[in-house]
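One structure is given below, encoded as structure tokens.
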Amino acid sequence: MGRILSVGLQFAVAIGLLVLLWQVADGQSAVNHLVNAELAWLLASLVAVTGQLVLSALRWQLTAAQLGLVLTKQQAVREYYLSQVVNQLLPGGVLGDVGRAVRARAQAGLVISGQAVLFERLVGQVALVLLFGAAVFGTWAVPGGFDLPASLQFSVFVTLVAAFLIATGVAIAGPNLPGKTGIALANFIANFRRAVWAREVRHRQVLLSIGTVVLNIATFACCAAAVGVMLAPAAAMVLVPLILFTMLIPITVSGWGLREGAAAMLLPVAGATAAEGFAASVAFGLVVLLSALPGVLVAALSTVTKPVRP
């Protein structure tokens, strides 16, 4: 019963936020932008998000292999599609990843399969943060281009510094904690380094992660262009990650409502209206959902197979 109430609450929050945005961000105008969206840009966004999904699946395959889990490219892509459609349709945004870990546990156990999934998702978020940080510092270093409002600059700076200090503190102090906690953190960090930063895989991890981040940002930028908002590259690299970060807050379904609110507030910094930001984010959400629908076919045909044994 508690789980049902939690799920219902997340749907209610998403719907409530969208209704509120309809009122404050001129929902009818947003609908008009969506109805008149340029199909070519929407198709480009679908291609970009599909490429991002495939690269993410290949990153998971690479990460899992470092931990002793052998997946073919076809298996990795099929499983990733299935996990994505579950993530898009159910609250929390992680249930599909949990299922992916459970189905891959046969070779090395649930802990290792879970770490493979967690590391792959984590390195994607780290790459997004790093690229966002580089873009922000780039705008500060090159005057005359895109600039964040002063009200946002301080918050962004403090958040980036805090994230760096927390990550550094955990990496340094975590393994030195007493008892089982220190041992568990030491093993976790050792496995992360082996899976992500070992000499034989680090260059591929970097390339795959840059590719997924760029394609994710490009997906949103193409959706924005479809509704009439042409984002300069610098603006897209700074604003889109801020919008996407809201999807990590697990109080709605797949970030619906939160993402649209952030887009309605942030895209006007680049010259758009709140309604255009609202429409761009809705288009992005629909394109991402559409890109995940092959996962329904995967589930219906029961083509997800167990990982091959080494």
Quiz item: In terms of hydrophobic clusters joined by side-chain contacts under 4.5 Å, are M247 and V13 together?
Solution: no
Quiz item: Stepwise, does the side-chain contact (heavy atoms from CB on, under 4.5 Å) test hold for L46 with L290?
Solution: CA-CA 8 Å; L46 185 60; L290 180 62; 4.2 Å; yes
Self-check item: Separation of F154 CZ from T159 OG1 (nearest 0.5 Å)
Solution: 9.5 Å
Quiz item: Can you name the closest pair of heavy atoms from A30 and A275 and give their distance?
Solution: CB-O, 3.6 Å
Exercise. Any chance you could lay out the side-chain contact (heavy atoms from CB on, under 4.5 Å) test for L82 and R103, step after step, and finish with the verdict?
Key: CA-CA 11 Å; L82 181 56; R103 289 188 298 274; 3.5 Å; yes
Exercise. Heavy atoms only: give me the nearest N36-N32 pair and the separation to one decimal.
Key: ND2-O, 2.9 Å
Quiz item: L34 and A279: which non-hydrogen atoms are nearest, and at how many Å?
Solution: CD2-O, 3.3 Å
Quiz item: Heavy atoms, side chains only, cut-off 4.5 Å: are V240 and N216 in contact?
Solution: no
Quiz item: Does L267 belong to the same Ile/Leu/Val/Met/Phe/Trp/Tyr cluster as V31, with side-chain heavy atoms less than 4.5 Å apart forming each link?
Solution: no
Self-check item: Side-chain touch V201/V196, heavy atoms, less than 4.5 angstrom
Solution: no
Quiz item: Quick one: does L215's side chain get under 4.5 Å of V49's, heavy atoms only?
Solution: no
Quiz prompt | Any side-chain heavy-atom pair of T273 and F278 under 4.5 Å | solution = no
Exercise. Report the residue from Q61, E120, Q75 that forms a side-chain hydrogen bond (donor to acceptor under 3.5 Å, both in side chains) with Y80.
Key: E120
Quiz item: Would L9 end up clustered with L248 when hydrophobic side chains under 4.5 Å apart are linked, directly or stepwise?
Solution: no
Quiz prompt | Same cluster (ILVMFWY, side-chain, under 4.5 Å), I217 and M230 | solution = no
Self-check item: Same apolar cluster: F157 and F164, side chain cutoff 4.5 Å
Solution: yes
Quiz item: In Å, rounded to the nearest 0.5 Å, how long is the span from CD of E276 to CG of D26?
Solution: 10.5 Å
Practice problem: Give a yes-or-no answer on whether the side chains of R259 and S281 include a donor-acceptor pair shorter than 3.5 Å. | Solution: yes
Exercise. Could you pull out the closest heavy-atom pair between L21 and A264, with the gap in Å?
Key: CD2-CB, 4.3 Å
Quiz item: What distance separates Q205 CD from Q66 CD, expressed to the nearest 0.5 Å?
Solution: 8.0 Å
Quiz item: Hey, are the side chains of I15 and V19 touching, using non-hydrogen atoms and a 4.5 Å cut-off?
Solution: yes
Quiz item: So which heavy atom on L231 is nearest to which on A221, and how close?
Solution: CD1-CA, 4.5 Å
Quiz item: Is R100 salt-bridged to E79, cutoff N-O under 4.0 Å?
Solution: no
Quiz prompt | Any donor-acceptor N/O pair, S45 side chain to L42 backbone, under 3.5 Å | solution = yes
Quiz item: What distance separates L128 CG from F245 CZ, expressed to the nearest 0.5 Å?
Solution: 4.0 Å
Quiz item: Taking C-beta and beyond as the side chain, do V86 and D97 meet within less than 4.5 Å on heavy atoms?
Solution: no
Practice problem: Determine whether more than 12 heavy atoms belonging to other residues, nucleotides or ligands lie under 6.0 Å from atom CH2 of W256. | Solution: yes
Exercise. Assess whether ring-ring contact (aromatic ring centres under 6.0 Å, His included) is satisfied between F119 and F188, documenting all intermediate values.
Key: CA-CA 10 Å; F119 293 162; F188 182 88; 5.1 Å; yes
Practice problem: Check the surroundings of atom CZ in F11: do more than 12 heavy atoms from other residues, nucleotides or ligands lie under 6.0 Å from it? | Solution: yes
Quiz item: Are L53 and T212 side-chain neighbours, meaning at least one heavy-atom pair lies under 4.5 Å?
Solution: no
Quiz item: side-chain contact (heavy atoms from CB on, under 4.5 Å) between F132 and V213: does it pass, once the steps are laid out?
Solution: CA-CA 10 Å; F132 166 69; V213 170; over 6 Å; no
Quiz item: Nearest heavy-atom pair of A263 and F220: which atoms, and what distance?
Solution: CB-CZ, 4.1 Å
Quiz item: Is any side-chain heavy atom of L90 closer than 4.5 Å to a side-chain heavy atom of V253?
Solution: no
Quiz prompt | R193, CZ: over 12 other non-hydrogen atoms inside 6.0 angstrom | solution = no
Practice problem: Please report the C-alpha distance between L17 and E260 in whole Å, then the side-chain angles of each, then the deciding distance to 0.1 Å, and finally whether the side-chain contact (heavy atoms from CB on, under 4.5 Å) criterion is met. | Solution: CA-CA 9 Å; L17 288 173; E260 285 66 41; over 6 Å; no
Quiz item: Atom CZ in F192, atom CG in L122: separation rounded to 0.5 Å?
Solution: 5.0 Å
Quiz item: Taking atom CG of L110 and atom OG of S113, what is their separation to the nearest 0.5 Å?
Solution: 4.5 Å
